[in-house]
Amino acid sequence: ERVELLAEEEARCGEQFHPLFGGNIDGPSLIAFQQTPLQTFWPLVVGVIGIFEMGCSVPSFENPTVKLWSMRDASRIPGDMGLFGGKGLKAKDPVGFKATQSKEINNGRLAMMGIMGLFAESLLFNHPLLGLGY
C-alpha cells in the first residue's frame, strides 16, 4: 500500500514538476525517461545491480548439478538480507514473523499491480495519471 502510494505520487508529481533537463519533458510519466539524455545511464545501473545480485544470491544456492534450486543454508530465508522489519518492529516468534512477512510481500505485489494499472491506463489512453494534465 505504502509503496503504491509513493509510486503514484512520484509519477503524478513527475508529470507536473520536472525542473531537470530544462523542464522540456512532457508526456506520460511511464515514458518520460525516454525524453532525457539518461538512456546510456541505465546499462550502468543494471550492471551494478547485477554485480550485487551475483555477490548475494548466487553463493546462497547449491551447485545446480547437485540439487536444483536448493539453499546451502536450510535456515536461511530467500530474499532475507536482515533488513525486514525495520527498527525492531518484526515479530519475535517465527510464526508471527512469517505471517507479517507474507502480508508485506502480498501488499508489495498488490502495490506493483496497482501502479502497473495506472501506467497502463495512462499509456493506453494517452492521458496523464489521475487526469491532472501534463
Residue pairs fulfilling side-chain hydrogen bond (donor to acceptor under 3.5 Å, both in side chains) with at least one residue in residues 46-55, sequence neighbours excluded | Glu53-Ser57
Atom pair OG1 (Thr100) and CD1 (Ile105), whose distance is rounded to the nearest 0.5 Å | 11.0 Å
Enter the distance from Asn107:CG to Met112:CE here, rounded to the nearest 0.5 Å.
-> 11.0 Å
Please identify each residue that fulfils side chain to side chain donor-acceptor pair (under 3.5 Å) with Arg109, with sequence neighbours left out.
-> Asn106
With sequence neighbours left out, what residues match Asp93 under side chain to side chain donor-acceptor pair (under 3.5 Å)?
-> none
Answer yes if Met54 and Val46 sit in the same cluster of Ile, Leu, Val, Met, Phe, Trp and Tyr residues linked by side chain heavy atoms under 4.5 Å apart, and no otherwise.
-> no
Side-chain (Ser122) to main-chain (Leu118) donor-acceptor, under 3.5 angstrom | no
Identify the heavy atoms of Glu62 and Lys67 that sit nearest to each other, and give their distance.
-> CB-O, 4.0 Å
Residues sharing Met116's hydrophobic cluster, by side-chain heavy-atom contacts under 4.5 Å among ILVMFWY, directly or via others?
-> Met113
Got a sec, which hydrophobics cluster with Val48, joining ILVMFWY side chains under 4.5 Å apart, including via others?
-> Leu44, Phe52
Sequence-distant partners of Val66, side-chain contact (heavy atoms from CB on, under 4.5 Å), two or more places apart = Asn63
